[in-house]
Amino acid sequence: MTTEQIYAKLLPIVKTYLPEDVSEEEVTPDKDLTGELNINSAHLVDVVLDVEDEFDIEFANADMENLRTINDAIKIIKEKLETTS
């Protein structure tokens with residue numbers, strides 16, 4: 001799966017959990033999910049759960065610690081998909 005394909009599936013998930021004060025146009029691959037996009041920690045867990053379901057993968061605690069941006073999520077997803085294929 002390409003980076004673009006992963007991003008296309010990931011974007012709607014992230015947008016679901018954006019707070020009202022953040023517009024969808026502000027979402028870019030390098031924005032910090034909690035710092036710049038104001039996604040709270042509870043919603044970040046929901047994002048991860050939705051990602052796990054969408055891509056049929058499982059995030060480890062170490063993955064969660066490295067998850068800051070959408071690019072980080074894409075990198076983690078790519079690594080997981082490569083090890084399961």
Side-chain angles (χ1 to χ4, degrees):
M1 189 173 278
T2 68
T3 298
E4 292 78 20
Q5 290 170 320
I6 293 171
Y7 184 71
K9 288 180 140 189
L10 191 56
L11 194 57
I13 295 171
V14 171
K15 287 181 177 180
T16 300
Y17 296 102
L18 289 176
E20 290 180 14
D21 64 336
V22 178
S23 76
E24 292 183 2
E25 290 77 35
E26 294 180 56
V27 179
T28 61
D30 59 344
K31 289 277 179 110
D32 187 289
L33 294 168
T34 56
E36 294 175 289
L37 298 179
N38 296 334
I39 296 175
N40 68 39
S41 57
H43 283 154
L44 191 58
V45 171
D46 291 333
V47 168
V48 169
L49 292 173
D50 288 355
V51 167
E52 288 178 333
D53 288 344
E54 178 68 34
F55 293 95
D56 196 27
I57 58 173
E58 191 171 317
F59 274 55
N61 286 340
D63 297 325
M64 290 292 293
E65 292 170 11
N66 294 322
L67 181 61
R68 301 260 44 94
T69 67
I70 292 176
N71 277 335
D72 293 339
I74 291 169
K75 181 180 174 209
I76 294 166
I77 292 165
K78 283 185 97 161
E79 289 171 359
K80 300 286 182 187
L81 290 175
E82 286 172 8
T83 59
T84 59
S85 57

* In sequence, state the C-alpha distance, the side-chain angles, and the governing distance for Leu67 and Val48, and then conclude on side chain to side chain contact (heavy atoms under 4.5 Å, CB included). => CA-CA 9 Å; Leu67 181 61; Val48 169; 3.6 Å; yes
* CA sep, side-chain torsions, deciding dist, call: Asp72, Asn66, side chain to side chain contact (heavy atoms under 4.5 Å, CB included) -> CA-CA 7 Å; Asp72 293 339; Asn66 294 322; 5.9 Å; no
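Qualifying salt bridge (charged side-chain N to carboxylate O under 4.0 Å, His left out) partners for Glu54, counting only residues two or more places apart in sequence or in other chains: Lys9. Residues satisfying the ring pair (Phe, Tyr, Trp, His ring centres under 6.0 Å) test with Phe55, not counting sequence neighbours, are none. Scored by the salt bridge (charged side-chain N to carboxylate O under 4.0 Å, His left out) test, Glu24 finds Lys15 as partners (sequence neighbours excluded). Scored by the salt bridge (charged side-chain N to carboxylate O under 4.0 Å, His left out) test, Asp46 finds no partners at all (sequence neighbours excluded). Remark: Thr28 engages Asp30, Lys31 in a side chain to side chain contact (heavy atoms under 4.5 Å, CB included) (not counting sequence neighbours). Residues passing the side chain to side chain donor-acceptor pair (under 3.5 Å) test with Glu25, sequence neighbours excluded: Ser23.
For the atom pair Thr2 OG1 and Ile6 CD1, the distance stands at 7.0 Å (nearest 0.5 Å). Atom CZ of Arg68 is separated from atom OG1 of Thr34 by 4.0 Å, given to the nearest 0.5 angstrom. Remark: Gln5 CD to Leu10 CG distance equals 13.0 Å, nearest 0.5 Å. Atom CD of Glu82 sits about 7.5 Å away from atom CD of Glu79, to the nearest 0.5 Å. Atom CE of Met64 is separated from atom CD1 of Ile76 by 9.0 Å, given to the nearest 0.5 angstrom. Note that CG of Asp32 is 7.5 Å distant from OG1 of Thr69, once rounded to the nearest 0.5 Å.
Contact check for Leu18 versus Val27: side-chain heavy atoms found under the 4.5 Å cut-off.
Side chain of Glu26 to main chain of Leu37: no donor-acceptor pair is present (N/O by atom type, distance under 3.5 Å, no hydrogens or angles).
Counted within 6.0 Å of CD on Glu58, heavy atoms from surrounding residues, nucleotides or ligands total 12 or fewer; the atom is thus considered open. Heavy-atom contacts from other residues, nucleotides or ligands closer than 6.0 Å to CG of Asp21 number more than 12.
Closest approach of Leu44 to Ile39, counting heavy atoms only: N-CG2, 3.8 Å. Taking both residues in full, the closest heavy atoms of Phe59 and Lys80 are given as CA-CE, 4.5 Å, listed atom of the first, atom of the second, then distance.
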